[in-house]
Trainee: 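So that we are looking at the same thing, I have put the structure below in structure tokens.
So that the names make sense, note that chain A is the first sequence line, chain B the second, and so on, each numbered from 1.
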Amino acid sequence: MNISEIMTTTVSTITSDKSVSFAAEKMNAYSTDALVVVDHGELMGVVTSRQLRSTHPNRIVADAMNVLPIRISPEDDVWETHALLQEHDDELLLVMNEEELVGVVTREDVQLKVAEFIDPLTGLYRAPYIQYMGEKLLRKGKPFHMLFIDVNDFGKINKRYGHPFGDDVIRMFSAALSEWQSNGDTYLCRYAGDEFVLITTASDEWVKECMETIDKPTPINDVMVSAAVGHLDGFREPDFFDKPLREHIARASLLSTKAKMNKESMQL
Amino acid sequence: MIGESNAITRKATLTLNISEFDVPPMQDMLIVGRKAPIGPEAVRRMAEALSPEQFTLIKMEHPKIEAVLLRSSLLQMIDEKLLMSIILEEAERMISESMVLRSELKIAMSVKREVDLL
């Protein structure tokens with residue numbers, strides 16, 4: 001999902017020499033919370049209603065505006081933009097095609113779009129997110145590791161302890177998994193019911209450590225929960241970039257089934 | 001009913017005080033409070049319009065003071081850090097966030113030398 005799909009191309013502007021009270025009136029008139037500041041065709045910054053509220057009405061816009069607003073490209077994706085917004089408090093982002101302003105996108109626009117792809121139970125992204133991220137890496141020719149993670153005996157847990165408990169298991173398991181996506185090169189989603197997909201460009205050592213941790217049975221509300229992991233190594237897989245992501249996910253899921261069967265036969 | 005003898009008259013008195021406009025009107029220095037009606041950029045633009053290239057704006061992290069506009073020649077006479085520390089020490093005693101203070105600042109050098117007689 002690209003920024004170009006959610007951006008607004010009609011941009012309300014103001015010059016930096018106008019007063020803050022004039023800017024507030026203009027925002028009201030245009031029903032907007034932010035204005036782009038442009039002087040003689042040159043982009044100067046962005047002023048938001050929040051900035052106006054904390055500035056004396058007699059001041060000029062130049063003394064209230066943010067002179068270094070975040071600039072993004074129409075090709076940037078909403079998920080990366082969302083991550084960027086977590087680190088900044090900007091309300092309005094400028095969408096630039098090189099040096100040309102082509103639109104704007106608000107924090108709210110990004111949050112609403114991202115919310116469409118969030119799984120309500122776990123707070124993780126849903127399958128379309130990993131599909132997008134995986135395809136993007138394939139397009140760029142960047143190899144990655146894919147882990148298909150399948151909670152063992154989840155059906156039995158539901159039958160034995162009830163579905164609300166099963167939901168707790170999924171929630172807590174997801175929270176543990178999400179700790180592995182903090183390094184910025186790792187993407188995680190709840191793929192379906194009790195299945196998760198993690199894509200990472202991190203090192204082999206990192207992947208090994210991650211798999212060993214996931215593989216270990218963990219107590220969740222006094223019940224030992226474990227998962228089978230199917231690992232597809234895009235750094236060593238032949239013809240990795242010639243195949244669609246769908247095929248990689250299918251292969252990783254089969255590898256997780258195989259891992260599960262191996263474990264069961266070892267237990268027997 | 002108002003009769004002719006009770007007619008109302010309205011008069012205005014006009015007082016005119018004319019004096020010379022000081023250019024620039026801000027003397028040597030302006031100290032801008034964080035919530036002052038004029039911000040640092042407006043002050044800089046005003047100074048630039050009235051006295052081009054003669055003033056320097058110094059923004060700062062201070063609880064009450066947002067910036068100081070200073071005659072540039074003063075910065076050539078005395079180190080900026082030293083000058084700012086003196087200005088802030090004195091100004092923060094009387095400034096509030098909503099004020100703009102103006103100040104005259106003159107630097108005079110006094111030298112006393114001893115030399116050996118021939």
Trainee: Count the heavy atoms belonging to other residues, nucleotides or ligands that lie under 6.0 Å from CZ of A/Phe235, then report whether that count exceeds 12.
Mentor: yes

Trainee: Donor-acceptor pair, distance only, cut-off 3.5 Å: does the side chain of A/Asp63 make one with the backbone of B/Ala42?
Mentor: yes

Trainee: To the nearest 0.5 angstrom, please state how far the CE atom of A/Met65 sits from the CD atom of B/Glu41.
Mentor: 7.0 Å

Trainee: Quick check on A/Phe144: does its CZ atom have over 12 non-hydrogen neighbours (other residues, nucleotides or ligands) under 6.0 Å away?
Mentor: yes

Trainee: Should we count CD of B/Glu53 as having more than 12 external heavy atoms under 6.0 Å?
Mentor: no

Trainee: Does B/Lys106, at its NZ atom, have more than 12 non-hydrogen atoms belonging to other residues, nucleotides or ligands within less than 6.0 Å?
Mentor: yes

Trainee: Using heavy-atom distances under 4.5 Å, tell me whether A/Ser54 contacts chain B through its side chain, its backbone, both, or neither.
Mentor: neither

Trainee: More than 12 heavy atoms of other residues, nucleotides or ligands under 6.0 Å from CD of A/Glu87: is that the case?
Mentor: yes

Trainee: Measuring only between side-chain heavy atoms, which start at C-beta, is B/Arg45 closer than 4.5 Å to A/Ile60?
Mentor: yes

Trainee: Nearest 0.5 Å, what's the NZ-CZ distance between B/Lys35 and A/Arg59?
Mentor: 10.5 Å

